[in-house]
Novice: 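This structure is in structure tokens; I'll ask about it shortly.
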Amino acid sequence: MELHHRVELIDTLLEEAAQKMDALQHAMAAKNRSQEERQHSGHTAPSTEEGETLKYEQALWEKANTGLTEVRTVLEEIEEPERQRGLSQ
């Protein structure tokens, strides 16, 4: 597989990770607003299990983003030696 194709695939996954993290950030903000509104209206606060799950999922997507970025960097570093040997186009 050519380097540019590998990088395109990783870039697609990085875009998805960014979209997921953004969506989770919005979900957490909405959850926080909802909890604040309930507290101000005198209702008891619901379980924070959902909030913890959102945080955990976001942490996993951040980890995926970090790993994919590292893989992308390594593949770019591999390009030069491959090119020198005539393997990369």
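Values in this document were obtained by computation on a predicted structure and should not be read as measured data. All residue numbers refer to positions in the sequence shown, counting from 1.
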Novice: Which value, rounded to the nearest 0.5 Å, describes the distance between Thr53 atom OG1 and Lys31 atom NZ?
Specialist: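 With rounding to 0.5 Å, OG1 (Thr53) is 9.5 Å from NZ (Lys31).
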
Novice: Take a 6.0 Å sphere around CD of Glu70 and say whether it holds more than 12 heavy atoms from other residues, nucleotides or ligands.
Specialist: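 Counting neighbours around CD of Glu70, 12 or fewer heavy atoms of other residues, nucleotides or ligands fall under 6.0 Å, so no.
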
Novice: How is the hydrophobic cluster of Leu60 composed, in terms of its other members, when Ile, Leu, Val, Met, Phe, Trp and Tyr link through side-chain heavy atoms under 4.5 Å apart, directly or indirectly?
Specialist: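 Besides Leu60, the cluster holds Tyr56.
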
Novice: Going from CG on Asn65 to NZ on Lys63, what distance comes out if it is rounded to the nearest 0.5 angstrom?
Specialist: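 Asn65 CG to Lys63 NZ: 13.0 Å, rounded to 0.5 Å.
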
Novice: Using 0.5 Å steps for rounding, measure from the CD atom of Glu79 to the CD atom of Gln84.
Specialist: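 Those atoms lie 11.0 Å apart.
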
Novice: Which atoms form the tightest heavy-atom contact between Leu75 and Ile10, and what is the distance?
Specialist: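 Here Leu75 and Ile10 meet closest at CD1-CD1, 3.4 Å.
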
Novice: In chain order, what residues pass the salt bridge (charged side-chain N to carboxylate O under 4.0 Å, His left out) check against Glu62, with sequence neighbours excluded?
Specialist: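 If we apply the salt bridge (charged side-chain N to carboxylate O under 4.0 Å, His left out) test to Glu62, skipping adjacent residues, there are no hits.
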
Novice: Using side-chain contact (heavy atoms from CB on, under 4.5 Å) as the criterion, list what pairs up with Lys55, not counting sequence neighbours.
Specialist: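 Result, side-chain contact (heavy atoms from CB on, under 4.5 Å) vs Lys55: Met28, Glu52.
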
Novice: Looking at residues at least two apart in the chain, or sitting in another chain, which of them share a side-chain contact (heavy atoms from CB on, under 4.5 Å) with Glu77?
Specialist: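 Thr73.
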
Novice: Linking Ile, Leu, Val, Met, Phe, Trp and Tyr through side-chain heavy atoms less than 4.5 Å apart, which residues share a cluster with Met1?
Specialist: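 When side chains under 4.5 Å apart are linked, the cluster holding Met1 also contains Leu9.
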
Novice: Would you give me the side-chain donor-acceptor pairs under 3.5 Å for residues 11-25, sequence neighbours excluded?
Specialist:
{"unit_1": "Asp11", "atom_1": "OD1", "unit_2": "Arg72", "atom_2": "NE", "d": "2.6"}
{"unit_1": "Asp11", "atom_1": "OD2", "unit_2": "Arg72", "atom_2": "NH2", "d": "3.2"}
{"unit_1": "Thr12", "atom_1": "OG1", "unit_2": "Glu8", "atom_2": "O", "d": "3.0"}
{"unit_1": "Asp22", "atom_1": "OD1", "unit_2": "His26", "atom_2": "NE2", "d": "3.4"}
{"unit_1": "Gln25", "atom_1": "OE1", "unit_2": "Gln58", "atom_2": "NE2", "d": "3.0"}

Novice: So, Arg83 and Glu80, do they make that salt bridge, N to O below 4.0 Å?
Specialist: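 Glu80 and Arg83: salt-bridged.
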
